[in-house]
There are 2 protein chains.
Amino acid sequence: MSSTTRERILDAALALIQQRGFGGTTVTDIEELAGLSPGSGSFYRHFRSKEDVFGEVFERELGRAQQHRQAFERGPVTADPREALTRRLLQQLDYLAQIRPLITLLAREHGRFPELTRKIRGALLDEGIAEEAEHLTRDLPDLPGHEDPHALLAVVVSALTGYHLSREFFGRPPADIDPDRFTAALAALLTTPR
Amino acid sequence: MSSTTRERILDAALALIQQRGFGGTTVTDIEELAGLSPGSGSFYRHFRSKEDVFGEVFERELGRAQQHRQAFERGPVTADPREALTRRLLQQLDYLAQIRPLITLLAREHGRFPELTRKIRGALLDEGIAEEAEHLTRDLPDLPGHEDPHALLAVVVSALTGYHLSREFFGRPPADIDPDRFTAALAALLTTPR
DNA sequence: GTCTATAATCCGATAGAC
DNA sequence: GTCTATCGGATTATAGAC
């Protein structure tokens, strides 16, 4: 193990909270998974309390999510707008997969830690959607005449997150459609001339 | 209180598990919220264990969800297919709101109770989607020539669930689009002739 | 920084009076 | 069927040796 004990504790806490929730995870469990003697209290040389480590786990995942977001790169420009859009949608699904821990924390603990909800909402819903609107209008400069482009964006975002969460919660996507088929169908819906 | 103690315990357990998770809920908390003396153990005159009451809470919500599903009624037939579809999509969002407790239980505890995942998946994803496919093809008999109707169905289902879960987790929908605008945009996307 | 040991509290569950 | 009382074990957190 080249990682520090502190990092191993954070890793262990994340894994256990994702699986059992904050209330179902004990400090002893965390110590054991981090390679410390269970029940020894060595945990407390690194964190003040169980709530403290949850806060730091959450901040670390939020930081990672923002790094992933910045790592977004635009693919090579393609003549076919539908192909460009499909690629962009697949990238979005990849991004959701990358920030899976953060989404899981939100799904599990948003009732208990309201500030968590607020921060993730700011990072994902607000910034994320604004940025995505920019990308989509760039990928679809001649976006077919929809009366309500903002609502259309909400549809796209909802479809992607719903698809991701179905896989997350159920272990498989709706109607067992794989990501390629899913994004192709969504892109076709958005780009078919009318 | 006209309800039985058993029912009040089930109500209390549901509320607390939704908020704090199974691991974060104590029998004493349940007793207190159910109007029993906290820590008295009166809980155990009605349920054998904490896990037992979770199982019964879950079964009750599953039964309620199936009742809600059966209560689905088709609106009056309308000449305008887009209007019929919009109404249908709004009904779907209502349905998701009605089964909110079940979805919350799934989001919180699917890692800890795998059988829960299996049962909800059967009831919602499998039966629900098959039934929904039927409705959609009825509402859209001349569904514009999509190469992949199954994938299109997945897009619609994902959009609805994603919209619902965004409201559930964040407290508001993506881009602050209200249900009427959302369903109108989705219906327009699906019915615009091309 | 990790360990053993332990204090103080909390929790799931039971016994028995009423 | 609810209460008081409590058992045994788990849990959070600390003290102190190494």
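In the text below, chain A, chain B and the rest are named by the order of the sequence lines, each starting its count at 1.
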Five pairs per end, C1' atoms only: what is the angle between the end axes of the helix from dG1(C)-dC18(D) to dC18(C)-dG1(D), to 10 degrees?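 That helix has its two terminal axes inclined by roughly 0°.
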
Identify, with sequence neighbours excluded, every residue that meets salt bridge (charged side-chain N to carboxylate O under 4.0 Å, His left out) alongside [X].
X       : result
R181(B) : D148(A)
R60(A)  : D11(A)
R45(B)  : none

Just to be sure I understand the geometry, which residues of residues 39-49 of chain A put a non-hydrogen atom under 4.0 Å away from DNA chain C? G39(A), S40(A), S42(A), R45(A), H46(A)

Nearest-Å distance for atom pair [atom1]/[atom2], residues [X] and [N]:
X      : N       : atom1 : atom2 : answer
F54(A) : dT12(D) : CZ    : C1'   : 18 Å
I9(A)  : dT12(D) : CD1   : P     : 14 Å
L36(A) : dT11(D) : CG    : P     : 17 Å

Output all residues satisfying ring-ring contact (aromatic ring centres under 6.0 Å, His included) with Y163(A), sequence neighbours left out; order by chain, then residue number. F182(A)

Any pair with a residue in residues 46-58 of chain B that passes side chain to side chain donor-acceptor pair (under 3.5 Å), sequence neighbours left out, goes on the list, sorted by first then second residue, please.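 Found R6(B)-E56(B).
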
Please name the residue in the list E131(B), E132(B), E134(B) that meets the salt bridge (charged side-chain N to carboxylate O under 4.0 Å, His left out) test with R88(B). E132(B)

My understanding is that only residues two or more places apart in sequence, or in another chain, count here; which of them pass side chain to side chain donor-acceptor pair (under 3.5 Å) with H68(B)?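 If we apply the side chain to side chain donor-acceptor pair (under 3.5 Å) test to H68(B), skipping adjacent residues, the hits are Q98(B).
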
Using the side chain to side chain contact (heavy atoms under 4.5 Å, CB included) criterion, which residues pair with A184(A)? Sequence neighbours excluded.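 A184(A) satisfies side chain to side chain contact (heavy atoms under 4.5 Å, CB included) with no other residue.
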
Qualifying residues under side chain to side chain contact (heavy atoms under 4.5 Å, CB included), relative to A15(A), sequence neighbours excluded: L33(A)

Students should find this one: the first and last nucleotides of DNA chain C, 5' to 3', lying under 4.0 Å from a heavy atom of chain B. What are they?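 Boundary nucleotides touching chain B, in 5' to 3' order, are dC11(C) to dG16(C).
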
List the atom pairs, donor and acceptor, that lie under 3.5 Å between side-chain atoms in residues 35-42 of chain A and the rest of the protein, sequence neighbours left out.
residue, atom, partner, partner atom, Å
S40(A), OG, S37(A), O, 2.7
S40(A), OG, S42(A), N, 3.2
S40(A), OG, S42(A), OG, 3.1

Could you check whether T25(B) gets within reach of a base, just the sugar-phosphate, or nothing at all, counting any heavy atom under 4.0 Å? sugar-phosphate

